[in-house]
Asker: 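After the structure tokens below, expect a handful of questions from me.
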Amino acid sequence: MSTEEKSLNFIEQIIEEDIKNGLSKNKLRFRFPPEPNGYLHIGHASAICLNFGLGIDYNAPVNLRFDDTNPSKEEQEYVDAIKRDVQWLGFQWEKECYASDYFQQLYDWAVELIKKGKAYVDNQSSEEMAKQKGTPTQPGIDSPNRNRSIEENLELFTRMKNGEFPNGSYVLRAKIDMASPNMLMRDPIMYRIMHEHHHRTGNNWCIYPMYDWAHGESDYLEQISHSLCTLEFLPHRELYDWFLNQIYKTDLVRPKQREFARRNLSHTVVSKRKLLQLVEEKHVTGWDDPRMSTISGLRRRGYTPASIRNFAKTIGIAKRTNLIDVSLLEFCIREDLNKTAPRVMAVLDPVKLVITNYPEGQEEWLDAENNPEEETLTYRKVPFSKELFIEREDFKEEADKKFFRLTLGTEVRLKNAYIIKGESVVKDSNGNITEIHCTYDVDSKSGSGTEASKRKVKGTIHWVSTQHALEAEVRIYDRLFTHEMPDGNKEIDFKEYINPNSLKVITGYVEPSLTTAKNLDHFQFQRLGYFCVDKDSSVEKLVFNKTVGLRDTWAKISEQ
RNA sequence: UGGUCUAUGGUGUAAUGGUAACACUACGGUUUUUGGUGCCGUCUUUCUAGGUUCGAGUCCUAGUAGACCAACCA
């Protein structure tokens, strides 16, 4: 751990307490246990960063464990995607594990439980069992099969395993307490019959363990010291401990489940079921569509691993219900990109600017700083000529005191180039401006050191040379979802939530220096925001995804 | 109507019985070859009522509010 003073979150305090009470530091071990039934999303970032962060801080191993106990929802594609995303976030796991690795051991332990009279086979319908289970306010009643003989249970369980019964006909239940105030303790199901192909064990099994009869046991087998999960699993803890009691042998580390609050992000849906629906109904192009809240979507949108890690660190770990404002996530990516992204010039809504006193046919290659925020300045060359594109918003015919950019009769600097003065406009028959004519001050070249170059002018605008600029496709994404509190259970009518303008594709012009830009390279288009290169195979030309805007100021101004 | 968890500014998180703080947001100033960045500042905080204590955001009791629990999901 770092020597500088750092306040511990409550999970770290629990660990410190355990160490104080005699848990050896080299027995610490953590795990990140996703179910491979979808892609990782921003909501997983907290759990990933917490577990892997603890591993780094305590120099302890962290396993990546796939909780693959339900073959009807799980796929190899998701396993691969999860591994890719965890690595991309910058973390390394000690071992790659699967709950399915433990199916035989779990089965053997289940047989032991039956022999001890702690589990029984039930052949009622799920409706009947649900009825007997009672409600949170009313105790349940015992199943008529609860006192089936051990021999019969053993025989039925073997036949379940051997595939003699159809789906849903039999289950194995733990014999605990049908009157417990905790619903999960009312004889929970340990195994169900599923004649289903499993992405790893194939058709070896037709009975599959439930989450509760797999998770703690997997933790135990891997000797996980602290099993951290979200708060909705808190009622499971009693069962987690009950199952562990049945199999626990002294001398080994006994895993401890502790819970923290899941993070909710405003304006964002992170329910895997809904993300899957968006993909399947083709509201988006895939799990990595830049509008998705998935890790891979954020990556393609231009978010960096560091920004997501820093976001997770900033929101912290606690137990209360929360709704984090997306502006914090946006701050994190701006903060990171500001340090690293080269500044380049791009014009997304072009209008032609003609410098009337610039020699016809002349061109100059001017020096431009890449990122003034970086410690060592680097430069590139940008071409300048008589005809340029500038942003339509950067010119107004009539001067307004608060308008800092080009108007008729006033001077502005062309970034990295010369000071110009607006002279006249050319309009089409509808009164739309088609060209702006200006004159330039020959002695005012940026960095030339002349008196003229040091003159203060009202503003600075960006530009590209019409004959040199590259045409680029620029994709601007808006927030897909507009509601405040994501409700995990409510059905969603996506028509209500998907912003029809969530993707705007426009043609812009960028500096020729961007020809060599690689996939996912990010840039700050000056005054326009941060963008990243997306080498989508289906599109030939240069494509940029908008990552995030600069502060809202410019958006506000351009609205007026 | 049962059980469990939680409650600190608009948002998130600290303060571990001893001066309520940090970040985001919003707003303002300043610097600036982009109104961005940087720097400086302002606004706003301990759910309520009792109790313990020299002293309570912190401990106790009650209330209130929110969350979770009745899948052969995880």
Side-chain angles (χ1 to χ4, degrees), chain A residues 7-10 13 33-35 37 67-70 72-74 99 122 125-126 129-131 133-140 167-173 180-184 186 188-194 207-208 210-212 214-215 229-238 259 261 263 266 272-273 313-332 334-335 338-339 343 345 368-369 371-373 391 394 402-405 412-417 419 446-447 453 456-457 459-462 524 526-529 549-554 556-557:
Chain A
S7 66
L8 300 179
N9 66 44
F10 81 97
Q13 288 175 33
E35 184 190 10
N37 66 344
D67 233 332
D68 54 352
T69 57
N70 183 358
S72 67
K73 289 184 176 175
E74 296 151 8
D122 205 340
S125 69
S126 59
M129 286 194 284
K131 218 179 285 170
K133 208 163 188 181
T135 68
T137 55
Q138 287 171 325
N167 289 353
S169 54
Y170 288 86
V171 291
L172 183 71
R173 292 228 257 169
S180 169
N182 183 347
M183 296 291 290
L184 287 154
R186 323 242 258 228
I189 292 171
M190 294 170 68
Y191 275 97
R192 76 284 215 190
I193 297 171
M194 292 176 93
I207 56 171
Y208 289 94
M210 300 287 289
Y211 165 84
D212 290 295
H215 201 93
C229 60
T230 46
L231 223 36
E232 61 268 28
F233 288 95
L234 199 151
H236 293 248
R237 186 149 115 197
E238 194 181 356
E259 310 80 14
R263 262 46 187 122
S266 71
K272 269 194 209 166
R273 215 189 75 233
K313 189 176 148 196
T314 308
I315 62 182
I317 296 294
K319 292 178 86 163
R320 45 174 174 160
T321 38
N322 57 79
L323 182 61
I324 294 155
D325 200 297
V326 280
S327 65
L328 184 58
L329 179 61
E330 291 180 350
F331 166 78
C332 289
R334 273 193 212 104
E335 184 191 38
N338 177 48
K339 282 183 264 177
R343 271 58 170 166
M345 293 193 285
E369 292 177 351
N371 182 352
E373 311 300 325
E391 212 68 59
D394 285 351
K402 287 187 180 170
F403 189 71
F404 295 180
R405 288 164 273 165
V412 292
R413 175 171 290 283
L414 293 173
K415 177 78 178 170
N416 302 313
I419 292 173
S446 291
S453 75
K456 297 272 178 215
V457 290
T460 304
I461 63 174
H462 54 274
Q524 185 192 100
Q526 305 220 48
R527 203 191 262 124
L528 300 173
L550 304 180
R551 293 287 203 99
D552 282 346
T553 322
W554 187 75
K556 273 186 208 159
I557 290 162

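If you're wondering where the values come from, they're calculated on a predicted model, not measured in any experiment. Letters A, B, ... are given to chains in the order of the sequence lines, protein chains preceding strands, and every chain is numbered from 1.
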Asker: Using the C1' atoms only, state how far B:C27 lies from B:U53, rounded to an integer number of Å.
Answerer: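 The answer is 42 Å between these two C1' atoms.
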
Asker: Considering only atom C1', compute the distance from B:U45 to B:A20 and round it to an integer number of Å.
Answerer: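 8 Å, rounded to whole Å.
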
Asker: Going by the rule side chain to side chain donor-acceptor pair (under 3.5 Å), which residues pair with A:Thr460 if we only count those two or more places apart in sequence or in a different chain?
Answerer: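 Listed in chain order: nothing, the list is empty.
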
Asker: Counting the atoms with a prime plus P, OP1 and OP2 as sugar-phosphate, which does A:Lys456 contact under 4.0 Å by heavy atoms, base, sugar-phosphate, or nothing?
Answerer: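 Sugar-phosphate only.
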
Asker: Which residues pass the side chain to side chain contact (heavy atoms under 4.5 Å, CB included) test with A:Glu259, not counting sequence neighbours?
Answerer: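 With sequence neighbours excluded, A:Glu259 shows a side chain to side chain contact (heavy atoms under 4.5 Å, CB included) to A:Cys229, A:Leu231, A:Leu234, A:Arg237, A:Gln257, given in chain and number order.
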
Asker: Roughly, in whole Å, what's the span from CD in A:Glu259 to P in B:C5?
Answerer: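 Rounded to the whole Å, the gap is 10 Å.
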
Asker: Rounding to an integer number of angstrom, what distance separates B:C47 and B:G9 when you compare their P atoms?
Answerer: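 Roughly 7 Å separates the two P atoms.
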
Asker: Taking atom C1' in both B:U16 and B:C72, what distance in whole Å separates the two?
Answerer: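 Each nucleotide's C1' atom is 45 Å from the other's.
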
Asker: Which residues pass the salt bridge (Lys or Arg N to Asp or Glu O under 4.0 Å) test with A:Asp122, sequence neighbours left out?
Answerer: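 Only A:Arg173 meet the salt bridge (Lys or Arg N to Asp or Glu O under 4.0 Å) criterion with A:Asp122.
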
Asker: Please state the P separation for the pair B:U37 and B:G28 - nearest whole angstrom.
Answerer: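 Straight-line distance between the two P atoms is 15 Å.
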
Asker: Report each atom pair, protein N/O against N/O of nucleotides 39-47 of chain B, whose distance is under 3.5 angstrom.
Answerer:
none

Asker: Please figure out whether A:Pro34 or A:Met345 has its closest RNA chain B nucleotide nearer the 5' end.
Answerer: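 With A:Met345 and A:Pro34 compared, the 5'-side residue is A:Met345.
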
Asker: Measure from CG on A:Leu234 to C1' on B:G66 and round the result to the nearest Å.
Answerer: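 Rounding to the nearest Å, CG of A:Leu234 and C1' of B:G66 are 16 Å apart.
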
Asker: Base, sugar-phosphate or nothing for A:Gly459? Non-hydrogen atoms, less than 4.0 Å.
Answerer: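 It contacts nothing in the nucleic acid.
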
Asker: In this structure, how many angstroms lie between the C1' atom of B:A74 and the CD atom of A:Glu74, rounded?
Answerer: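 Result: 8 Å.
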
Asker: Is it true that a side-chain atom of A:Asp325 and a backbone atom of A:Ser266 form a donor plus acceptor pair closer than 3.5 Å?
Answerer: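 Looks like no, no N/O pair under 3.5 Å.
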
Asker: Expressed in whole Å, how much space separates the P atoms belonging to B:U61 and B:A23?
Answerer: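 The same atom, P, in both gives a distance of 36 Å.
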
Asker: Under 4.0 angstrom, heavy atoms only, what part of the nucleic acid is A:Asn167 near: base, sugar-phosphate, or nothing?
Answerer: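 Here A:Asn167 touches no strand at all.
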
Asker: Classify the nucleic acid contact of A:Tyr208 as base, sugar-phosphate or nothing, counting any heavy atom under 4.0 Å across all strands shown.
Answerer: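 The residue A:Tyr208 makes no contact with any strand.
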
Asker: Students often get this wrong, so: under 4.0 angstrom with heavy atoms, is A:Thr69 touching a base, only sugar-phosphate, or nothing?
Answerer: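 Sugar-phosphate, no base atom in range.
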
Asker: Rounded to the Å, how far apart are A:Met129 CE and B:C72 P?
Answerer: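 To the nearest whole Å, that distance equals 7 Å.
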
Asker: Are the side chains of A:Ile193 and A:Tyr170 in touch, meaning some heavy atoms are under 4.5 Å apart?
Answerer: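 Result yes, sub-4.5 Å side-chain heavy-atom pair found.
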
Asker: Can a donor-acceptor pair be found, under 3.5 Å and without considering hydrogens, that links the side chain of A:Arg263 to the backbone of A:Ile315?
Answerer: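 A pair under 3.5 Å: yes.
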
Asker: Could you tell me how far apart A:Leu329 (CG) and B:U25 (P) are, to the nearest whole angstrom?
Answerer: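 Value for this atom pair: 12 Å.
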
Asker: Among all residues two or more places apart in sequence or in another chain, which pass the side chain to side chain donor-acceptor pair (under 3.5 Å) test with A:Asn167?
Answerer: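 Scan of A:Asn167 (side chain to side chain donor-acceptor pair (under 3.5 Å), adjacent residues dropped) gives none.
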
Asker: Is any N or O donor-acceptor pair between the side chain of A:Gln526 and the base of B:G35 shorter than 3.5 Å?
Answerer: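 Between B:G35 and A:Gln526, which were checked side chain against base, a qualifying N/O pair under 3.5 Å is absent.
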
Asker: May I ask you to verify if any side-chain N or O of A:Lys415 is less than 4.0 angstrom from the OP1 or OP2 atom of B:U34?
Answerer: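 Yes.
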
Asker: Spell out, as yes or no, whether a donor-acceptor pair under 3.5 Å connects the side chain of A:Arg334 to the backbone of A:Asn338.
Answerer: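 No, the answer is negative, given that no donor and acceptor are paired below the 3.5 Å cut-off.
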
Asker: Residues two or more places apart in sequence or in another chain: which of them pass side chain to side chain contact (heavy atoms under 4.5 Å, CB included) with A:Glu232?
Answerer: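 A:Glu232: side chain to side chain contact (heavy atoms under 4.5 Å, CB included) contacts with A:Thr230, A:Arg262.
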
Asker: For A:Pro33 and for A:Phe331, locate the closest nucleotide of RNA chain B by heavy-atom distance; then report the residue assigned to the nucleotide nearer the 5' terminus.
Answerer: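 By nearest-heavy-atom nucleotide position, the 5'-most residue is A:Phe331.
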
Asker: Going 5' to 3' along nucleotides 9-19 of chain B, which nucleotides have protein heavy atoms under 4.0 Å from the base (write B), which only from the sugar-phosphate (write S), and which from neither (write -)?
Answerer: --SSBS-B---

Asker: Roughly how many Å is it from CZ in A:Arg551 to C1' in B:U32, rounded to a whole number?
Answerer: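 These atoms are roughly 16 Å apart.
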
Asker: Tell me whether the side-chain N/O atoms of A:Lys133 come closer than 4.0 Å to OP1 or OP2 in B:A71.
Answerer: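 The answer is no; no side-chain N or O of A:Lys133 sits under 4.0 Å from OP1 or OP2.
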
Asker: For the NZ atom on A:Lys313, are there more than 12 heavy atoms of other groups (residues, nucleotides or ligands in this structure) within a distance under 6.0 Å?
Answerer: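 Open: at most 12 neighbouring heavy atoms sit under 6.0 Å from NZ of A:Lys313.
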
Asker: Listed by chain and number, what are the side chain to side chain contact (heavy atoms under 4.5 Å, CB included) partners of A:Glu74, not counting sequence neighbours?
Answerer: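 Here the qualifying residues are A:Glu35, A:Pro36, A:Asn37, A:Asp68, A:Asn70, A:His198, A:His199.
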
Asker: Rounded to the nearest Å, what distance is computed from the NE2 atom of residue A:His236 to the P atom of nucleotide B:A74?
Answerer: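 Checked: the NE2 to P distance equals 10 Å.
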
Asker: Reading RNA chain B 5' to 3', how would its secondary structure be written in dot-bracket notation, given Watson-Crick and G-U pairs with both distances under 3.5 Å, brackets [ ] for crossing pairs and | for partners on other strands?
Answerer: .((((((..((((....[..)))).(((((.......)))))....(((((..]....))))))))))).....

Asker: Looking only at side-chain atoms of A:Ile189, point me to the closest of B:C69, B:C5, B:C72.
Answerer: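 Output: B:C72.
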
Asker: Taking any heavy-atom pair under 4.0 Å as a contact, classify A:Gly447: base, sugar-phosphate, or nothing.
Answerer: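 Result for A:Gly447 = base.
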
Asker: Rounded to the nearest Å, what distance is computed from the CZ atom of residue A:Arg186 to the P atom of nucleotide B:G3?
Answerer: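 So the two atoms are 12 Å apart, to the nearest Å.
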
Asker: Would you mind classifying the nucleic acid contact of A:Lys402 as base, sugar-phosphate or nothing, using non-hydrogen atoms under 4.0 angstrom?
Answerer: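 The answer is base, as A:Lys402 lies within the cut-off (heavy atoms under 4.0 Å) of a base atom.
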
Asker: Kindly say whether A:Lys133 contributes a backbone atom to a donor-acceptor pair with the side chain of A:Arg186 at under 3.5 angstrom?
Answerer: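 Yes, because the side chain of A:Arg186 sits within donor-acceptor range (under 3.5 Å) of the backbone of A:Lys133.
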
Asker: Please identify each residue that fulfils ring pair (Phe, Tyr, Trp, His ring centres under 6.0 Å) with A:His215, with sequence neighbours left out.
Answerer: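 Counting only residues at least two positions away or on another chain, A:His215 forms a ring pair (Phe, Tyr, Trp, His ring centres under 6.0 Å) with A:Tyr211.
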
Asker: Considering only atom C1', compute the distance from B:G50 to B:A56 and round it to an integer number of Å.
Answerer: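 To the nearest whole Å, 13 Å.
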
Asker: With rounding to whole Å, what would you report as the distance between B:G57 and B:A7 at their C1' atoms?
Answerer: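 My reading of the C1' atoms in B:G57 and B:A7 gives 11 Å.
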
Asker: Suppose we screen for side chain to side chain contact (heavy atoms under 4.5 Å, CB included). Which residues come up paired with A:Val412, at least two apart in sequence or across chains?
Answerer: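 Partners of A:Val412 under the side chain to side chain contact (heavy atoms under 4.5 Å, CB included) test: A:Leu406, A:Ile420, A:Ile461.
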
Asker: Tell me whether the side-chain N/O atoms of A:Arg192 come closer than 4.0 Å to OP1 or OP2 in B:C73.
Answerer: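 The answer is yes; a side-chain N or O of A:Arg192 sits under 4.0 Å from OP1 or OP2.
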
Asker: What is the nucleic acid contact for A:Glu35, judged by heavy atoms within less than 4.0 Å: base, sugar-phosphate only, or nothing?
Answerer: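 Sugar-phosphate, no base atom in range.
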
